[in-house]
Amino acid sequence: MQKRSLKNYTLRYLVIAILGIIALWAALFYMYIIEEVYDNIDDGLKDSRLRIMREAEGNPEILRTREYDIARFKITPLPPGDYSRKSHIYNSKMYMPYDDDDEPVRVLQTIFSSGGQEYQLEIYTSTVEEDELLEDLLTALVVLYIALVVSIILINHFILRKAWMPFYRLMEQLRNYKIGGRTSLEPVAANVREFDELYGEISAMVARNEAVYTQQKQFIENASHELQTPLAIAINKLELLMGRDGLSEQNLVQIDEVNRTLQRLKRLNRSLLMLSRIENRQFRPSESIILNELVHQSLTDLEVLSKYKKTVITIDEKGDFIAEMNRDLATVLINNLLKNAIVHNAAGGILDIHISEREIVISNSGKTSLNPEQIFERFYKDEQSENSTGLGLAIVKSIIRLYPALSIDYRFEERHCFVLRKQ
Amino acid sequence: MKILIVEDEHDLIKVMKESLEKETYLVETATDFRSALDKIISFAYDCILLDIMLPGGSGLELLSEIKKLKKQEAVIIISAKDAVDDKVLGLELGADDYLAKPFHLAELNARVKSAIRRRNQNGEQHIGWRNITIDPENRTVQVDKYELVLNRKEFDLLYYFVTNPQRLITKTSIAEYVWGDHTDQADSLDFVYSQIKNLRKKLNNAGADADIQAVYGVGYKII
């Protein structure tokens, strides 16, 4: 289900509620008004009855008004009998030439006697057209309703937006929040107590998270450090053992297998240590570094490896890629990328390096795309490389994370391409 | 030659001591700051192997003490914490070298020999094995007084063997010493073989008495 914003959520219910309230109010108001109108008209009719009856005393001519005329009443003589003297008022319709239509009228009917003769007196007066009144009322109410809704929307829009501003600011900060990036949120000026509390709670949570994260990082670093000494002891004891005379070939080979496993553990531990030291920001000073030089340096260092794998290396330099970063980290960055391109390459494969002022593209032969989502994750490995630590590209990524001006991307275009870009 | 190992891990002291004694060094040990300082003040050594994290104080403090006493010992810092800062600070304080744990014993030998040789300016500056003489300062090699031309990696390789004569050096150790950290591939050990083959050929052609022997595919040994 599509979620609405709180603003629209309240608005929806307000609009419906107001519709209900206005309808109920309109019904009651209408009944009250009609009541009042009839009351007034009836008073007028009763007054007319009194005047006519009094007039009839002195002027019997009036008693002969048989039809409604300009006088708006008629008097009908009744056969003798016992009649109720009570007045009777009712609604009726009467043809009006003015409108050429039947119009609603209010009629008072009563019986009176004059000179021993019983008469029926009927007085009418034009009354409100209820349907027109209803129509008018409806129009007025629709206008009122629209006015109310529009003003509520406007108030919602402006006042609530203003009131919710601290909330949206907080949201924005949370959206951009990266763990390990910063230790506190910027304070949000809120006139609303709830937002103040929200800010307080979130700040406390961020502080707690950061503390736990720092501890975690520290733990990894300490654990890696603590592992170094036992590793050193184990490796060195094996080396001493291998140096002894009188070991059979089988024994020696077996000891060496253990030794190699420990070497792998050593490399893994070193990489982990490197990673946590990068993330703990232990590489401080930055300088302007021309990465072109590092690429050449690194290729020289990796020459044995590339010669062994018969990698065909081409370099195309269109400009100097200069980055503001720590020299050690820059070296590790370039080294890991190039080593990755040589190691995870077919024998006799291609390694192309394109350097311009804005980007360095390192591409090497490969058959299928790697998962771009996971390639920079720790311990991501493709099937063939059981001996790699799976941390080389994770180290690359964590170095890049230290420098917001740099970015690294992987794409597959017939070859594996790693693009180091400057923003 | 006397060496002092300052290290709080008894097991590690034991292996280092055994390994160095094979090279006929006289090895003494200290396991905390206080006893280390006592020994440094009271005796003269050729080389001190110094752990940074010690009970009772830091190895770096000890290093400043050594320098204050104007002692001539070569100092190699050995630390599990291969933090760049420690390394830089240690070298600035006057340490001769820095070795990160875990290390290979062959590498420790090579480093100790280099450090002692560099300290000992008036003494023998060349190291040799049989009729091979290496001048580490100028990176030159002579066989029976005749110059043997080696490339950079071959020189490093020969130097590693000559500083560890008649000792088995594993392939992983060789790969790491000569090519550094770029050797985390299984097949990387195969190129150790081709490099050693080249070196052997050159030594042979130059008429060296020494030979580099393969030990069951595990490593090599110069004899």
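- For B/S19, the parts lying near chain A are the backbone and the side chain together; criterion is any non-hydrogen pair under 4.5 Å.
- Only the side chain of A/N259 has a heavy atom closer than 4.5 Å to any heavy atom of chain B.
- The backbone N or O of B/L4 sits nowhere less than 3.5 Å from a side-chain atom of B/E28 that would complete a donor-acceptor pair.
- Note on ring orientation: taking the six-membered ring where Trp is involved, the planes of B/Y160 and B/Y177 are parallel (angle under 30°, cut-offs 30° and 60°).
- Counting heavy-atom pairs under 4.5 Å between each of B/L105, B/L12, B/L108 and chain A puts B/L105 at the top.
- Of the listed residues (A/T229, A/N336, A/L262), the one with the most heavy-atom contacts under 4.5 Å to chain B is A/T229.
- Of the listed residues (B/Q195, B/E18, B/K221), the greatest number of heavy-atom pairs within a distance under 4.5 Å of chain A belongs to B/E18.
- Listed options B/L168, B/D51, B/V218 were ranked by heavy-atom pairs under 4.5 angstrom with chain A; first place goes to B/V218.
- Using a 4.5 Å cut-off between heavy atoms, A/I235 contacts chain B through its side chain alone, with no backbone atom that close.
- The one candidate from B/L99, B/T172, B/I174, B/I169 that meets the side-chain contact (heavy atoms from CB on, under 4.5 Å) condition with B/H104 is B/T172.
- Of all heavy-atom pairs spanning B/K113 and B/P165, the tightest one is NZ-CD, 3.9 Å.
- For A/Q263, the part sitting under 4.5 Å from any heavy atom of chain B is the side chain, from C-beta outward, and nothing else.
- Taking the side chain as every heavy atom from C-beta outward, A/K266 and B/E176 approach each other to under 4.5 Å.
- When side chains are defined from C-beta on, B/E154 does not count as touching B/V141, because their heavy atoms never get closer than 4.5 Å.
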